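These notes are about the structure you will find just below.
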Amino acid sequence: MAGKEPSGPRRSHPGSGRRRGRNRPRGRQVDLEALEQVRALLGDEPRRRDLLIEHLHRIQDRYQVLSAAHLAALADEMRLALAEVYEVATFYAHFDVVREDAAPAPDFTVRVCDGLVCEMMDAQGLLESLPDVVGRGVRVVPGPCMGGCDRAPVARVGSRTVVRATVDKVSATVRGGEVEAELPACKDYGEYLAEGGYSLLRECIGGVLDREEVVEKVSASGLRGLGGAGFPTGRKWQIVRGYPGPRLVTVNADEGEPGTFKDRYFMESDPHRFLEGVLVAAWAVEAEAVYIYLRDEYAEVREILSRELPRLAEAGLDAHVEVHLRRGAGAYICGEESAMIESIEGKRGLPRHRPPYVAETGLFGRPTLVQNVETLYWVRDILEKGPEWFTAQGRNGGAGLHAYSVSGRVAQPGVKIAPTGITVRELIDEHCGGMQPGHRFKGYLPGGASGGMLPASMADLPLRFGSLEEHGCFVGSHGVVVLSHQDDVKAVVRNLMRFFKHESCGQCTPCRVGTEKAVALLERPSWDEPLLESLGDAMADASICGLGQAAPNSVRCAYRYFREELS
């Protein structure tokens, strides 16, 4: 009957968000002051989902941490569920998410690298000593490899890198007040132009060169992907071109492999040679946009690229393609191409199941060319000097040139541009000034943390794709870490496995649980070889991506080549 109250107790609708006696909706409420702060920081920037990580960086750069109030305000401003914002913010190591009742944000966060080479150079002692020296308001925490293995130990104070760090150097940097990135000397746009830079690109976009001709020359050079996988570059360009547009290009500048820092070297010293390679590749595959995904530890490189990219736009050199610079947030897994694409889209960096491969369905669901910085660096030389010039540079059966990141116990660590196929003994003697005084060559990692470990008795093997697999190793990104008689193999293996445990994305059980269990087993006084071998088999066979598949390599190599040191 109209106007009559229904009988029985009154109940709220399940989706109404209200309960009897409560007059506000469920969930975290948006603080108006925090909302205004977020809006001021974002300004006119789009509120698109793919910019979520960029916006999180803006907030943390300003306030040092990501507070609950700011995360709720950001979710409201971007029209995202709060859970979506939290899952991204808590996934990446460089985002500091704090509770509402947490202590005030520190003035600075000092991160001390605890990667293998930094540990070899006594980073642990630095970590233990710093808190008593830097004073209150400064937080000191360990951090995974920062791409400065040639200058170990390394620390980060705000956005400034402190190389060959000591307690005095770090504390002096903290006392210096406002901490900004110190830019290394590099070849800028004017210098690059003066030596003939961008003539190749102008010939491409001006119709002097044909796309098919360019792709054929790259193929003939034998250039391969130098991020670690080694897939033939020209073939990749052909595959991407074979799918209907619109197409995209992504540049993997997130080299997180411990022992690898060659991309940093190229971008710091000669960024426009790399950028010209990027623009030529985009032209060759007829891409409409390029996304450069840069490692967050490389704040100095970010400043360089942020300064130099607008000069390309002013000259009209990027008229054929949009160029976007995206910032990582501390996740080794984003070196895997599909995880990197997920991160560019503003998500957690979880590797995708394949097929489809990213060449067909990549960034934003479009055909995508993924290339590493060093690969693109060589494009100009190959096209100007000819593929024959490049292939003639090899040694010991190799073809071409590679940038080897050499660190550890050598006298002169650094990036060494050398013939493909050079041996580690030749690298040490010809390019590194021999071993450090007082150190005898004992072994080496030929391909960073994931590439396995070999003894000095096998120092005459060529360092090139396909040459080390029969020995249980691979060259990967060509990060060579040299060990001496003063280095404990068991400590090396434990350090590497702790890194993989920390960097596992957690998506698949074999990697997530396997790395955790492996660390626990390796920290025991005596190692259980059958159990470690069984665990390694499960990780290698069943992990989704290369992280879990390669994590057991150092354990296997330790038993295969350094067994006498494991008892």
Side-chain angles (χ1 to χ4, degrees), residues 24-42 45 47 49 51-114 127 130-132 134-144 146 155-160 170 173-174 177-181 295-297 299 327-334 343 346-350 501-506:
R24 61 186 181 88
R26 292 181 182 145
R28 188 181 301 278
Q29 303 308 296
V30 176
D31 180 85
L32 293 181
E33 181 180 0
L35 182 60
E36 288 304 313
Q37 291 169 341
V38 167
R39 286 174 175 170
L41 283 173
L42 301 191
E45 290 294 317
R47 272 56 169 171
R49 170 60 193 262
L51 292 172
L52 174 58
I53 293 173
E54 296 293 307
H55 295 340
L56 288 168
H57 275 303
R58 285 174 179 264
I59 296 171
Q60 181 159 294
D61 287 347
R62 171 63 179 82
Y63 295 102
Q64 306 301 316
V65 295
L66 296 173
S67 68
H70 283 139
L71 291 176
L74 181 63
D76 184 78
E77 184 68 8
M78 296 187 70
R79 301 294 186 265
L80 294 172
L82 186 55
E84 292 179 278
V85 175
Y86 260 89
E87 72 173 2
V88 172
T90 55
F91 178 84
Y92 294 93
H94 291 180
F95 289 141
D96 294 322
V97 180
V98 298
R99 303 187 312 272
E100 290 177 293
D101 59 349
D107 296 329
F108 293 124
T109 294
V110 176
R111 286 184 166 85
V112 178
C113 178
D114 64 358
L127 264 171
L130 274 173
D132 296 330
V134 294
R136 298 180 62 183
V138 179
R139 181 179 58 166
V140 179
V141 296
M146 299 177 183
R156 298 282 296 177
V157 181
S159 60
R160 179 175 295 177
V170 174
T173 306
V174 171
E178 186 66 22
V179 178
E180 299 292 343
R295 189 176 185 185
D296 191 38
E297 287 88 344
R327 182 177 170 184
Y332 167 71
I333 192 63
C334 290
S343 189
K347 306 170 187 174
R348 293 176 294 166
L350 302 181
K501 173 190 173 183
H502 181 271
E503 296 298 327
S504 174
C505 75

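Nothing here was measured: the structure is a model prediction, and the numbers come from that model.
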Reported [atom1]-to-[atom2] distance for the pair [X] and [Y], which is rounded to 0.5 angstrom:
| X | Y | atom1 | atom2 | answer |
| --- | --- | --- | --- | --- |
| Leu71 | Leu80 | CG | CG | 11.5 Å |
| Asp296 | Arg156 | CG | CZ | 7.5 Å |
| Asp114 | Leu127 | CG | CG | 7.0 Å |
| Ser67 | Asp96 | OG | CG | 12.0 Å |
| Leu66 | Thr90 | CG | OG1 | 10.0 Å |
| Gln64 | Thr109 | CD | OG1 | 6.5 Å |

Heavy-atom side-chain proximity of [X] to [Y] below 4.5 angstrom:
| X | Y | answer |
| --- | --- | --- |
| Phe91 | Ile333 | yes |
| His70 | Val38 | yes |
| Tyr63 | Val98 | no |
| Arg62 | Gln37 | no |
| Met78 | Val85 | no |
| Arg49 | Val88 | yes |

Which pair of heavy atoms, one from [X] and one from [Y], lies closest together, and at what distance?
| X | Y | value |
| --- | --- | --- |
| Cys113 | Met146 | N-CE, 3.6 Å |
| Ile53 | Ala329 | CG2-CB, 4.4 Å |
| Ala72 | Val30 | O-CG2, 4.0 Å |
| Tyr92 | Gly349 | OH-N, 3.2 Å |
| Glu503 | Pro144 | OE2-CG, 3.4 Å |

Practice task
Report the C-alpha distance between Leu74 and Leu42 in whole Å, list the side-chain angles of each, state the deciding distance to 0.1 Å, and finish with yes or no for side chain to side chain contact (heavy atoms under 4.5 Å, CB included).
Solution key: CA-CA 10 Å; Leu74 181 63; Leu42 301 191; 4.0 Å; yes

Salt bridge flag under 4.0 Å for residues [X] and [Y]:
| X | Y | answer |
| --- | --- | --- |
| Arg327 | Asp61 | yes |
| Glu297 | Arg111 | no |
| Arg47 | Glu77 | yes |

Practice task
Say whether, by atom type as modelled, one donor and one acceptor occur between the side chain of His57 and the main chain of Gly328 under 3.5 angstrom.
Solution key: yes

Exercise for the section: Give the C-alpha distance, both sets of side-chain angles, the deciding distance and a yes or no for side chain to side chain contact (heavy atoms under 4.5 Å, CB included) between Glu84 and Leu52. Expected result: CA-CA 10 Å; Glu84 292 179 278; Leu52 174 58; 5.8 Å; no

